[in-house]
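Okay, structure first, notes after.
Along the sequence shown, the residues carry numbers beginning at 1. Atoms considered below: every heavy atom in the structure, side chains included; atoms not considered: hydrogens, waters and symmetry mates. Note that this is a predicted model, so its numbers are computed, not measured.
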Amino acid sequence: MLENKNNNVDENAENALQNPISQETEATKSEVENVVAEDAISEETKTATEEVESVVVVKEEESTEKVLENLISEETKTAVDEIENVVAENSEKKEEEVKIPMLDYDSMELESLVSELQKLIKNNPVQLIKNNSDAIKNAFNIKFGKLLSEKKEEFLAEGGNSIDFQFSSPIKSEYNQLLKEYKTKRDAYYSQLENQLKDNLEKRNSVINELKVLIENADPKTMYNEFQKIQGRWKTIGAVPRTRYNDTWKTYHHHVERFYDLLHLNQDFRELDFKHNLEEKQKLIVRAEALSEVEDVNVAFKELQELHRLWKEDIGPVGREFRDDVWNRFSDATKKLHDKRHDYYRDMKSKHQEIIDAKLVVIEKINAYDYTKNANHKDWQKSIKDIEAFRQEYFNVGKLPYNKSEAVWQKLKEATKRFNSAKNVFYKIEKSSQTENLKKKMELVELAESMQTSEDWENATNTMKRIQSDWKKIGHVPRKFSDDIWKRFKTACNGYFDRLNAHRNGLNKESEAVVVAKKEFIEEFKASESLTIEQIQETIEKWRNLGALPRNARHLDGKFNKAVDAHLMNLNLGREEIEMMKFKNVIDNYLVQEDYRKLDSEQFFIRKKISESVRDMQQLENNLSFISNATEDNPLVQNVRKGIQGFKDELDIWQLKLDYLKKLDY
């Protein structure tokens, strides 16, 4: 009989969430009267009856709490309900609070958009990328639609029929495949989430049933420990469908309060829990009251949502004497922030036109921005930074609700679209130019790599220097090839010049020995006396056989040539023969040294001297025609004829030297 009575009380307690308070009170009083009216009640039955009456009293107190709660102003209740509805809605999407940065997708090319979509799908949870994927989708559709229109115009311009037009693009196929992958993952996630929410609801209802059973079969020795286990399981269960969140919590909270009201069987446990819960709720109240002083109402409102979640999910009930007071204080703090937030948005609404006007001013700045003089990458990079600064200024002006922002947002997109179109045209041309630059640099890389193992040191060195000079004159190449091609070029150049330096270091010791030997040879040659022409020629041959002098010691060739000239002057030889021997000695040294530049300079110099000699000789012959009446023994005539003969002799020697040079094969 007692068990039936307890069951009736429990059912009435659950129905109290929905039935009118007067009916609930009437029902509980009727039950008490029925229990009290029984005859011949045993001592044990009396004790049980007292327990039931205690429960009924508790229910009456709970009903009183409901009445007091209804006495709260309608505005306060509305404010609390609004917060609790938001908490319920947010309970499903904890992860979705993470924000992925929104890039400027409108300015990207099709390839970049596909690449960004691929990164989003690969690197982020599928439930977080909706806004970004929608933005990419819009940008891609606009750009691809424009491309499709251009291709169709080209097709029709070439005489094609509109009905026959077809256009396939690998980038569109890749985009479609990624979009399909995204939708598949998204649908799978939300299907799994829906099942998980339903499963969590079943688990929470199961915990509520366990709590009801615990209350109905209360054992003072074990009930508190069992209750703590139930609380632990409740907290580990995840979110439930938002439409069932508040009802589920209210049902659970109702039975938790029922449990604590029965816990008088173990007064110490109950009072300890009540005290702890009261302290925690008072802390939440202090935090809620402080939120009205927070300047950013959106931040404060978000924090208030978290406080309501903690109040409902993490903190248990307090003693009956404090329940109304703490709840009313918490509700009042909620309403205060609620009213402040509504006032803020009401003020913002009056400022919307000011914000719109300020945003239009920024848009006008973008429209007036002159980028027509941009000639290179540096100019465009500066313009990109300027436009981005304008965009940031636009966003910093303030936020607008969607119905107010869409029109002005479209104007911003139109303004930036004109800039982006001009920028894209430049970089499209730049890309073509960079492709050509890549081709040129690849040719230089291949040439440098072919010269890397050359043993023709002089020609190879000159070629490598020319290659390096040409490389600097060529512009940028596509970024994805830049590092690789530069590494190849640098490796080829460094490889060659490292070999060249090693070669030169190996020659240094040999060159030092040649310098010492030739210095000694010059001194010995100077000290020689009465040398014949054959001995002088033999000495010249020995000089050459000693080896080539390094560039910084070639002045020794000049000293040796002077010594040769001195010995030749002591011989009984004609001037022409002496001059040619001296000349051949110098030229043969150039040949040994492979100094072809000096050979070319020598030939140029001789041709110049021949021209000068002919001109001077012709001038003297012309002068002679003016004194044709003078006799041959006239000193002036004799002097002119002597000058003419001197130029003829010089001319003969210069011509012999030129003929000698022409015969050389170099």
| task | Please work out whether the ring planes of Phe259 and Phe227 are parallel, tilted or perpendicular, with thresholds of 30° and 60°. | result | parallel
| field | Straight-line distance of Phe140 CZ to Ile142 CD1, nearest 0.5 Å | value | 12.0 Å
| Do Glu116 and Lys119 meet the salt-bridge criterion of a basic N to acidic O distance under 4.0 Å? | yes
| Under 3.5 Å donor-acceptor, Lys490 side chain and Ile485 backbone | no
| Lys/Arg N to Asp/Glu carboxylate O, Asp187 vs Lys183, below 4.0 Å | no
| task | Decide, yes or no, whether a salt bridge links Asp484 with Arg488 under the criterion of side-chain N to carboxylate O below 4.0 Å. | result | no
| So, does Asn124 use its side chain to make a donor-acceptor pair with the main chain of Ile129 at under 3.5 Å? | no
| Salt-bridge contact Asp199-Lys203 (side-chain N to carboxylate O under 4.0 Å) | yes
| query | Going by an N to O cut-off under 4.0 Å, is there a salt bridge joining Glu443 and Lys439? | reply | no
| Any side-chain heavy atom of Glu174 sitting closer than 4.5 Å to one from Ile171? | yes
| task | Would you check if the side chain of Thr251 reaches a backbone N or O of Asp247 as a donor-acceptor pair within less than 3.5 Å? | result | yes
| field | His253 atom NE2, neighbour heavy-atom count above 12 within 6.0 Å | value | yes
| message | Any heavy-atom pair between the side chains of Val286 and Gln282 that's under 4.5 Å? | response | no
| request: Decide whether Asp386 and Tyr371 meet the rule of one side-chain donor and one side-chain acceptor closer than 3.5 Å. | output: no
| message | So does Val318 get a backbone contact from the side chain of Arg323, meaning a donor-acceptor N/O pair under 3.5 Å? | response | yes
| task | Measure the acute angle between the ring planes of His342 and His338, then classify it against the limits of 30° and 60° as parallel, tilted or perpendicular. | result | tilted
| task | Output yes when a side-chain donor or acceptor of Thr416 lies under 3.5 Å from a complementary backbone atom of Leu412, and no otherwise. | result | yes
| 4.5 Å side-chain heavy-atom contact, Pro241 and Tyr245 | no
| task | Report the C-alpha distance between Glu280 and His276 in whole Å, list the side-chain angles of each, state the deciding distance to 0.1 Å, and finish with yes or no for side chain to side chain contact (heavy atoms under 4.5 Å, CB included). | result | CA-CA 6 Å; Glu280 293 302 310; His276 171 75; 3.7 Å; yes
| request: Report the residues that fulfil salt bridge (charged side-chain N to carboxylate O under 4.0 Å, His left out) with Lys411, sequence neighbours left out, ordered by chain and then residue number. | output: none
| query | Are any of the side-chain heavy atoms of Tyr190 and Glu194 separated by less than 4.5 Å? | reply | no
| said: So which atom in Ile230 and which in Val207 form the shortest heavy-atom distance, rounded to 0.1 Å? | reply: CG2-CG1, 3.5 Å
| task | Taking the side chain as every heavy atom from C-beta outward, state whether Glu306 and Leu310 have any pair of such atoms under 4.5 Å apart. | result | yes
| query | Taking C-beta and beyond as the side chain, do Leu444 and Ile474 meet within less than 4.5 Å on heavy atoms? | reply | yes
| said: salt bridge (Lys or Arg N to Asp or Glu O under 4.0 Å), that's the test. Do Glu436 and Lys440 meet it? Break it down for me. | reply: CA-CA 6 Å; Glu436 185 63 28; Lys440 292 178 181 178; 5.1 Å; no
| Under 3.5 Å, is there a donor-acceptor pair linking the side chains of Gln410 and Glu406? | yes
| request: Could you go through the side-chain hydrogen bond (donor to acceptor under 3.5 Å, both in side chains) check for Asn176 and Lys172 one step at a time? | output: CA-CA 6 Å; Asn176 289 341; Lys172 183 66 164 67; 3.0 Å; yes
| said: Working note: Trp486 + Phe481, criterion ring-ring contact (aromatic ring centres under 6.0 Å, His included); need CA distance, chi angles, decisive distance, verdict. | reply: CA-CA 8 Å; Trp486 167 246; Phe481 299 111; over 10 Å; no
| From Glu446 atom CD to Lys441 atom NZ, the distance as rounded to the nearest 0.5 Å | 14.5 Å
| request: Decide whether Lys281 and Asn277 meet the rule of one side-chain donor and one side-chain acceptor closer than 3.5 Å. | output: no
| query | Just checking, Arg346 and Tyr344: is the charged tip under 6.0 Å from the six-membered ring centre and within 45° of the axis? | reply | no
| task | Determine yes or no for a side-chain-to-main-chain donor-acceptor pair under 3.5 angstrom, with Arg244 supplying the side chain and Trp249 the backbone. | result | no
| In this structure, are over 12 heavy atoms from other groups packed under 6.0 Å from Lys340 atom NZ? | yes
| message | side chain to side chain contact (heavy atoms under 4.5 Å, CB included), that's the test. Do Lys283 and Ile315 meet it? Break it down for me. | response | CA-CA 11 Å; Lys283 290 178 183 178; Ile315 304 176; over 6 Å; no
| message | Any carboxylate oxygen within less than 4.0 angstrom of a Lys/Arg side-chain nitrogen, looking at Arg391 and Glu388? | response | yes
| task | Test Phe330 against Leu307 for side chain to side chain contact (heavy atoms under 4.5 Å, CB included), laying out the working first. | result | CA-CA 10 Å; Phe330 192 56; Leu307 297 183; 4.2 Å; yes
| Side chains of Ser206 and Glu210: does their closest heavy-atom pair fall under 4.5 Å? | yes
| query | Can you name the closest pair of heavy atoms from Tyr105 and Leu113 and give their distance? | reply | O-CD2, 3.5 Å
| Heavy-atom closest contact (Leu438 atom, Pro478 atom, distance) | CB-CD, 4.2 Å
| message | If you compare all heavy atoms of Lys335 against all heavy atoms of Asp339, which two are closest, and at what distance to 0.1 Å? | response | NZ-OD2, 2.5 Å
| request: State whether a side-chain donor-acceptor pair under 3.5 Å links Arg258 with His255. | output: yes
| field | Salt-bridge present (Arg329, Glu289; N to O < 4.0 Å) | value | yes
| note | Residue pairs meeting salt bridge (charged side-chain N to carboxylate O under 4.0 Å, His left out), one or both in residues 358-378, sequence neighbours left out, come to Lys365-Glu393
| When you check the side-chain N and O atoms of Asn374 and Ser383, is any donor under 3.5 Å from an acceptor? | yes
| request: Return the minimal non-hydrogen interatomic distance between Asn437 and Val477, and the atom names on each side. | output: C-CG1, 3.8 Å
| message | For Leu117 versus Ser133, what's the shortest heavy-atom pair and its separation? | response | CD1-CB, 4.3 Å
| Do the side-chain N and O atoms of Thr334 and His308 include a donor-acceptor pair separated by under 3.5 angstrom? | yes
| query | Given Tyr252 and Gln231, is the side chain to side chain contact (heavy atoms under 4.5 Å, CB included) satisfied, shown in steps? | reply | CA-CA 10 Å; Tyr252 173 73; Gln231 273 192 318; 3.5 Å; yes
| field | More than 12 heavy atoms of other groups within 6.0 Å of Gln166 CD | value | no
| With a 4.5 Å heavy-atom cut-off, do Asn132 and Met102 have their side chains touching? | yes
| said: Under 3.5 Å, is there a donor on one side chain and an acceptor on the other for Ser107 and Asp104? | reply: yes
